[in-house]
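Side chains are part of it too, since the values below use all heavy atoms of this structure and drop only hydrogens, waters and symmetry mates. Because the structure is predicted, anything quoted here is derived from the model rather than measured.
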Amino acid sequence: MDHVPTTEAAVTALRSLAGAYQREIEVTTDPDGALPHEAHVEFGGLPRVSVRLHPEDDALIGVEGVECPDIARDDVPAFLRSVFDGLAYVRARCFPPGYFRVVPLPGDRAHKEFIPMIVLTPWLSAQVR
């Protein structure tokens with residue numbers, strides 16, 4: 001697992017991921033240009049991915065409009081690699097009906113997030129197992 005001690009280090013790691021996966025990246029930080037304590041990052045391409053890095057060592061990651069709050073900053077690069085490598089998937093449940101996005105993380109962990117049926121985009125629908 002990568003250790004990402006600061007928001008600036010996280011932004012550097014995300015720029016590196018964007019280069020590795022040949023994606024455009026747009027980074028917004030504090031307007032005065034000081035070392036960023038919070039940053040918002042948007043990746044181009046599909047799936048649509050955004051990351052809001054908070055100063056409290058966590059992040060909010062959005063994939064195709066579905067938000068995953070409280071992701072540890074150290075897990076953000078691994079989370080995005082799983083999404084970009086196609087390892088993340090959507091699990092369908094029959095009863096009660098529902099969908100969950102499952103993102104594998106290092107150490108036999110996974111982040112699971114409920115997805116309301118109404119927000120299933122074509123990309124998310126293609127990931128259903």
Donor-acceptor contact present, side-chain Arg15 to main-chain Ala18, <3.5 Å:
no
Of the non-hydrogen atoms in Leu53 and Ala10, which two are nearest, and what is the gap between them?
CD1-CB, 3.7 Å
Are Leu124 and Leu46 grouped together when hydrophobic residues (ILVMFWY) are joined by side-chain heavy atoms under 4.5 angstrom apart?
no
Membership question, hydrophobic clusters at under 4.5 Å side-chain separation (ILVMFWY): are Val90 and Trp123 in the same one?
yes
Test of understanding: with side chain to side chain contact (heavy atoms under 4.5 Å, CB included), list the residues that count as partners of Pro97, not counting sequence neighbours.
none
Do the side chain of Ser82 and the main chain of Val103 share a donor and acceptor less than 3.5 angstrom apart?
no
On a heavy-atom basis, which atom in His3 and which in Asp74 lie closest, and how many Å separate them?
ND1-OD2, 3.2 Å
Quick one: list whatever passes ring-ring contact (aromatic ring centres under 6.0 Å, His included) with Phe84, sequence neighbours left out.
Tyr21, Phe43
Working to the nearest 0.5 Å, report the span between NE2 of His111 and CZ of Arg101.
7.0 Å
Rounded to the nearest 0.5 Å, the CZ atom of Phe79 sits from the CD1 atom of Ile71 at a distance of 5.0 Å
Minimum heavy-atom separation for Ala92 and Val128, please, with both atom names.
CB-CG1, 3.9 Å
Is atom CD of Glu56 surrounded by more than 12 heavy atoms (other residues, nucleotides or ligands) closer than 6.0 Å?
yes
If every non-hydrogen atom of Val76 is compared with every non-hydrogen atom of Leu14, which pair is closest and at what distance?
CG1-CD2, 3.8 Å
Ala110 meets the side chain to side chain contact (heavy atoms under 4.5 Å, CB included) criterion, sequence neighbours left out, with Val102
With Phe95, which residues qualify under side chain to side chain contact (heavy atoms under 4.5 Å, CB included), at least two apart?
none
Atom pairs and distances, donor-acceptor, side-chain atoms in residues 58-70, under 3.5 Å, two or more places apart:
from, atom 1, to, atom 2, distance (Å)
Glu64, OE1, Arg48, NH2, 3.3
Glu64, OE1, Thr121, OG1, 3.0
Glu64, OE2, Arg48, N, 2.8
Glu64, OE2, Arg48, NE, 3.4

Identify, with sequence neighbours excluded, every residue that meets salt bridge (charged side-chain N to carboxylate O under 4.0 Å, His left out) alongside Arg52.
Glu38
Using a 3.5 Å distance criterion without hydrogens, assess whether the side chain of Arg23 forms a donor-acceptor pair with backbone atoms of Gly44.
yes
Under a 4.5 Å cut-off applied to non-hydrogen side-chain atoms, are Leu80 and Val51 in contact?
yes
Tyr99 with Val119, same ILVMFWY side-chain cluster at under 4.5 Å
yes
